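What follows is a set of notes on a single structure, which appears directly below.
Every heavy atom of this structure was used, including side-chain atoms; hydrogens, water molecules and symmetry mates were not. None of these values were measured; they are calculated from a predicted model.
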Amino acid sequence: MNQLQDNIKYILLFDENQAFHDVMQSHFQDWGFTLLSAKTIKEGFQLFKKYAPLVILSELKTDVINGFELLERLNLYKPTSPAFYFMFITSNQEQANKNKAFLEGAMHYIAKPIVDWSNLRSRIFALTQSSLLTRQYQTLYSGVKKENEQLLTLSKIIAQKIKVNKANDSNIELIAIQEQLHEIINYFRDHYLGNPPL
């Protein structure tokens with residue numbers, strides 16, 4: 001799953017209401033985002049997998065969309081997908097649903113009809129920046145993890161050579177190299193790999 005172009009900021013909206021899609025499209029285009037529209041969960045997941053949106057918006061409940069089920073399914077992708085955030089934009093303002101939404105991992109719960117568009121804009125900008133920063137950390141973490149695995153492999157190879165050449169003077173140099181490798185490996189583990197991306 002990859003964002004097709006790094007300079008395009010994709011937002012995915014799940015909602016059956018075409019008029020609402022049109023209004024949102026207009027605002028998000030003005031704000032510099034590309035809004036992807038989905039009227040069904042199936043359609044939305046196809047867009048999600050293809051475009052890796054930074055933020056996902058959804059109505060709570062419609063004839064074909066259950067926002068809680070959608071959020072639950074999306075959460076399953078979090079360990080392996082580029083970072084994203086989720087928020088509800090819904091006419092359902094029951095407090096119990098708000099509480100559940102936040103417990104399930106939604107970042108915001110915005111009321112329809114939207115009155116304060118500047119407030120929505122601020123929240124979207126904050127979430128997209130958080131997604132982008134987390135994705136940068138995911139990339140860094142993945143790279144460091146790969147380098148660390150390569151160093152571990154090299155360390156094992158050296159250990160095997162030391163074992164084979166027990167009485168060889170070259171072992172002193174190999175042991176010194178192995179000690180340096182362990183220092184680097186421990187540094188990676190303590191400073192980077194101990195804090196995996198969320």
Exercise. Are there more than 12 heavy atoms of other residues, nucleotides or ligands under 6.0 Å from atom CD of Glu16?
Worked result: yes
Problem set entry | Lys61, NZ: over 12 other non-hydrogen atoms inside 6.0 angstrom | no
Exercise. Residues in ring pair (Phe, Tyr, Trp, His ring centres under 6.0 Å) with Phe102, at least two apart?
Worked result: none
What closest approach, in Å, do [X] and [Y] show between heavy atoms, and which atom pair accounts for it?
X: Phe84; Y: Leu74; result: CZ-O, 3.5 Å
X: Leu12; Y: Gly44; result: CD2-O, 3.5 Å
X: Pro82; Y: Ala52; result: CG-CB, 4.2 Å
X: Ile41; Y: Phe14; result: CA-CE2, 3.8 Å
X: Pro79; Y: Leu76; result: CD-O, 3.4 Å

Problem set entry | Step-by-step ring-ring contact (aromatic ring centres under 6.0 Å, His included) determination, Phe48 to Tyr77 | CA-CA 10 Å; Phe48 171 75; Tyr77 285 84; 5.4 Å; yes
For this session: Apply side-chain contact (heavy atoms from CB on, under 4.5 Å) to Leu13 and Leu36, showing your working.
Result: CA-CA 6 Å; Leu13 171 63; Leu36 307 170; over 6 Å; no
[X]: which residues meet the side-chain contact (heavy atoms from CB on, under 4.5 Å) condition with it, sequence neighbours left out?
X: Ser122; result: none
X: Gln129; result: Lys9, Leu132
X: Ser131; result: Leu54, Tyr85

For this session: Using the test side-chain hydrogen bond (donor to acceptor under 3.5 Å, both in side chains), find all partners of Asn99 that sit at least two apart in sequence or belong to another chain.
Result: Gln95
Exercise. With Ser37, which residues qualify under side-chain hydrogen bond (donor to acceptor under 3.5 Å, both in side chains), at least two apart?
Worked result: His21
Exercise. Shared ILVMFWY cluster between Val64 and Leu71, side chains joined below 4.5 angstrom?
Worked result: yes
Problem set entry | Nearest-0.5 Å distance that lies between atom CZ in Phe86 and atom CG in Leu127 | 12.0 Å
Kindly indicate whether the side chain of [X], heavy atoms from C-beta on, has any atom under 4.5 Å from the side chain of [Y].
X: Leu57; Y: Ile124; result: yes
X: Leu70; Y: Phe45; result: yes
X: Ile65; Y: Ser58; result: yes

Exercise. Under 3.5 Å, is there a donor-acceptor pair between the side chain of Glu43 and the main chain of Lys39?
Worked result: yes
Let me have the donor-acceptor pairs involving side chains of residues 22-31, under 3.5 Å, with sequence neighbours excluded, atom names and distances please.
residue: Asp22; atom: OD1; partner: Gln18; partner atom: NE2; Å: 2.8
residue: Gln25; atom: NE2; partner: Leu35; partner atom: O; Å: 3.4

Which donor-acceptor pairs under 3.5 Å do side chains of residues 103-118 form with protein atoms, sequence neighbours excluded?
residue: His108; atom: ND1; partner: Arg123; partner atom: NH1; Å: 2.8
residue: Tyr109; atom: OH; partner: Asn92; partner atom: O; Å: 2.6
residue: Lys112; atom: NZ; partner: Asp15; partner atom: OD2; Å: 2.6
residue: Lys112; atom: NZ; partner: Glu59; partner atom: OE1; Å: 2.9
residue: Asp116; atom: OD1; partner: Ser118; partner atom: N; Å: 3.3
residue: Asp116; atom: OD1; partner: Ser118; partner atom: OG; Å: 2.6
residue: Asp116; atom: OD1; partner: Asn119; partner atom: N; Å: 3.1
residue: Trp117; atom: NE1; partner: Ile114; partner atom: O; Å: 3.4

